[in-house]
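First up is the structure itself, then whatever we jot down about it.
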Amino acid sequence: MKSRQVLLAARPAGAPRASDFRLVDVELREPGPGEILVRNVYMSVDPYMRGRMNEKQTYAQAWQIGQPADGRAVGEVVKSQNPRFAVGAVVVSNMGWREHFVSAGEGVLPIDRGLAPLSAFLGVLGVPGFTGWYGLKEIGRPKAGETLVVSGAAGATGSLVVQIGKILGGRVVATAGTDDKCVWLTKELGADAAINYRKAGDLAAAVRQACPQGVDVYYENVGGAILDAVLAIVNPFARIALCGMISQYNLETPPAGPGNLRNMVGNRVLMQGFIISDHMNRYPEFLAEVGGWLKAGRITYQETVVEGLDRAVTAFLGLFAGDNTGKMIVKLGPEPAEASGR
Ligand code: NAP
């Protein structure tokens, strides 16, 4: 049986390009004893994958040139010689960037289809949502009435952070890169103010104006000028969760360090980075809480869905241009029928 997958073809300098990847046909073998064959239905493209294109090992394993890329995916078990997986089961895996895979089942987990549409397990109920929930609750620790600033707020992670901030009683100020995203953030997600950082002009002044009581919690997805603007007006005992710094992922030379760091001293500010894979033991707790909010209609989400493995690279590159509202998803094939009890 033929299938297709995406390989890393070259390591980028600066911004990644389509030519850094190659789509190839592969021959799939039949699953042997203890193995399953999975047809991927959705795959995730994520900003952290930019780091995996580099040679240098970071917290995530570097992709190798000539080898398939990988990442989160949701798929259907189509053949099984493993008693843990029934044919028709819907599973999440780390075997994205390919249409099918054969596996012994390590790292492949069944998902509860009744909880949400399948693609949600890559976004609001997947790693991005989990990251936002963990970083906000464990590092940000917002209290009712406090001011929370969220950058990258219209993305997969940020859009959940905004909504949890509101559920916890915060005053939420969001930043994003288009007016439409800002409208979604204020009108549908409940943000108290949203700043289009591309149009704001004097970003520090815009953040100051949107946060008349200063900033108690900052959820950082972006880095650069927004961090400087927040650090200029942090309140005593503010908490800053460093989730990501997408504005820097394509830079070859690190920028000069953030300004206004001195304010952290007198204000006793806590700033902490974190990597969500260190906290996977908390995933069931996240799924119960955020899955419950989703079912109850207390939170909502958007996805930008790109069709076909041949457009996966476009979707990935689009993350750095702000092409997505909510989670960027690649749809690889039809959803398995629900009528069959799957
Ligand atoms: P996302 O926010 O859904 O997508 C990326 C968004 O970043 C784009 O839509 C774009 O929105 C914004 N962006 C791109 N380039 C930018 C720039 N130069 N300046 C400002 N904004 C820019 O992606 P995500 O998966 O939810 O990830 C969000 C952040 O969380 C990333 O930094 C990621 O690395 C981090 N993350 C960390 C962990 C962890 O374990 N620590 C786990 C998951 C994700 P605009 O239109 O607003 O520019």
Side-chain angles (χ1 to χ4, degrees), residues 1-8 21-46 49 52 61 63-64 66-130 156 280 283-284 287 291 303-316 327-342:
M1 177 182 164
K2 288 253 188 258
S3 185
R4 297 188 301 170
Q5 55 184 223
V6 176
L7 311 182
L8 181 69
F21 295 90
R22 194 163 69 243
L23 180 65
V24 295
D25 291 323
V26 288
E27 194 68 44
L28 270 185
R29 62 181 175 79
E30 285 292 315
E35 291 186 326
I36 51 177
L37 169 65
V38 176
R39 174 181 72 83
N40 279 337
V41 178
Y42 294 103
M43 61 165 265
S44 179
V45 288
D46 302 274
M49 291 171 171
R52 301 188 66 187
Q61 227 177 8
W63 288 336
Q64 299 304 315
Q67 294 299 310
D70 59 12
R72 300 295 270 182
V74 168
E76 176 194 21
V77 176
V78 288
K79 289 186 183 176
S80 179
Q81 296 222 47
N82 182 324
R84 285 200 300 126
F85 299 94
V87 169
V90 179
V91 292
V92 66
S93 75
N94 286 314
M95 300 294 278
W97 294 90
R98 67 203 77 195
E99 291 171 330
H100 299 85
F101 65 90
V102 174
S103 144
E106 308 97 8
V108 180
L109 294 170
I111 56 181
D112 174 5
R113 213 174 166 178
L115 198 54
L118 298 187
S119 54
F121 289 89
L122 299 178
V124 65
L125 296 184
V127 170
F130 178 35
M280 291 315 283
Y283 183 76
L287 196 60
E303 293 169 344
T304 298
V305 181
V306 166
E307 300 260 349
L309 187 63
D310 49 346
R311 298 200 57 221
V313 173
T314 306
F316 172 65
K327 175 69 187 141
M328 183 74 96
I329 299 269
V330 184
K331 186 170 187 190
L332 300 179
E335 292 211 1
E338 289 204 64
S340 56
R342 293 166 185 180

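Hydrogens, waters and symmetry mates play no part in the numbers below; they use all other heavy atoms, side chains included.
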**Prompt:** Can you find a heavy atom in the side chain of Val90 that is under 4.5 Å from one in the side chain of Val74?
**Reply:** yes
**Complete:** Phe21 meets the ring pair (Phe, Tyr, Trp, His ring centres under 6.0 Å) criterion, sequence neighbours left out, with Trp97, Phe316
**Message:** Within the 4.5 Å heavy-atom criterion, are Val108 and Phe101 side-chain neighbours or not?
**Reply:** yes
**Request:** Could you please spell out the steps behind the side chain to side chain contact (heavy atoms under 4.5 Å, CB included) verdict for Arg113 and Glu335?
**Result:** CA-CA 11 Å; Arg113 213 174 166 178; Glu335 292 211 1; 3.6 Å; yes
**Request:** Compare all side-chain heavy atoms of Met328 with those of Leu122 and state whether any distance is below 4.5 angstrom.
**Result:** no
**Prompt:** Is there side-chain contact between Glu35 and Arg29, with at least one heavy-atom pair below 4.5 Å?
**Reply:** yes
**Asked** Side chain of Ser44, backbone of Arg72: donor and acceptor closer than 3.5 Å?
**Response** no
**Asked** Above 12 or not: heavy atoms from other molecules or residues under 6.0 Å from CD of Glu27?
**Response** yes
**Message:** Testing the basics here: between Pro110 and Val91, what is the closest heavy-atom pair and its distance to 0.1 Å?
**Reply:** CA-CG1, 4.0 Å
**Asked** Can you pull the salt bridge (Lys or Arg N to Asp or Glu O under 4.0 Å) pairs that have at least one residue in residues 82-94, sequence neighbours excluded?
**Response** none
**Item:** Test item: Ile36 and Pro31 side chains (from C-beta on) under 4.5 Å apart, heavy atoms
**Value:** no
**Message:** Holding to side chain to side chain donor-acceptor pair (under 3.5 Å), I want the full list of residues that pass it with Lys331, two or more places apart in sequence or in another chain.
**Reply:** none
**Prompt:** Are Val330 and Leu309 close enough, and set up right, to give a side chain to side chain contact (heavy atoms under 4.5 Å, CB included), and what steps lead you there?
**Reply:** CA-CA 7 Å; Val330 184; Leu309 187 63; 5.7 Å; no
**Set of residues satisfying side chain to side chain donor-acceptor pair (under 3.5 Å) with respect to Asp310, sequence neighbours excluded** = none
**Item:** Any residue meeting side chain to side chain donor-acceptor pair (under 3.5 Å) with Asp70, in chain and number order, not counting sequence neighbours
**Value:** Arg52, Trp63
**Fill in**
Smallest heavy-atom separation, Lys327 atom then Pro128 atom, equals CD-CG, 4.1 Å
**Message:** Quick check on Arg39: does its CZ atom have over 12 non-hydrogen neighbours (other residues, nucleotides or ligands) under 6.0 Å away?
**Reply:** yes
**Request:** Check whether any side-chain N or O of Gln5 sits under 3.5 Å from a backbone N or O of Asp25 as a donor-acceptor pair, and report yes or no.
**Result:** no
**Message:** Distance check, rounded to the nearest 0.5 Å: Glu303 atom CD versus Tyr42 atom OH?
**Reply:** 7.5 Å
**Prompt:** Is any side-chain heavy atom of Pro336 closer than 4.5 Å to a side-chain heavy atom of Leu118?
**Reply:** yes
**Request:** Work out which heavy atom in Leu332 is nearest to a heavy atom in Gly308; give both atom names and the distance.
**Result:** CD2-C, 4.1 Å
**salt bridge (Lys or Arg N to Asp or Glu O under 4.0 Å) partners of residues 85-112, not counting sequence neighbours, each pair once** = Arg4-Glu99
**Asked** Among Asn40, Val45, Val41, which residue meets the side chain to side chain contact (heavy atoms under 4.5 Å, CB included) test with Met43?
**Response** Val45
**Request:** Grab the two heavy atoms, one from Ala104 and one from Asn82, that are nearest each other, plus how far apart they are.
**Result:** O-ND2, 3.2 Å
**Asked** Roughly how far, to the nearest 0.5 Å, is the CG atom of Leu28 from the OG atom of Ser3?
**Response** 4.5 Å
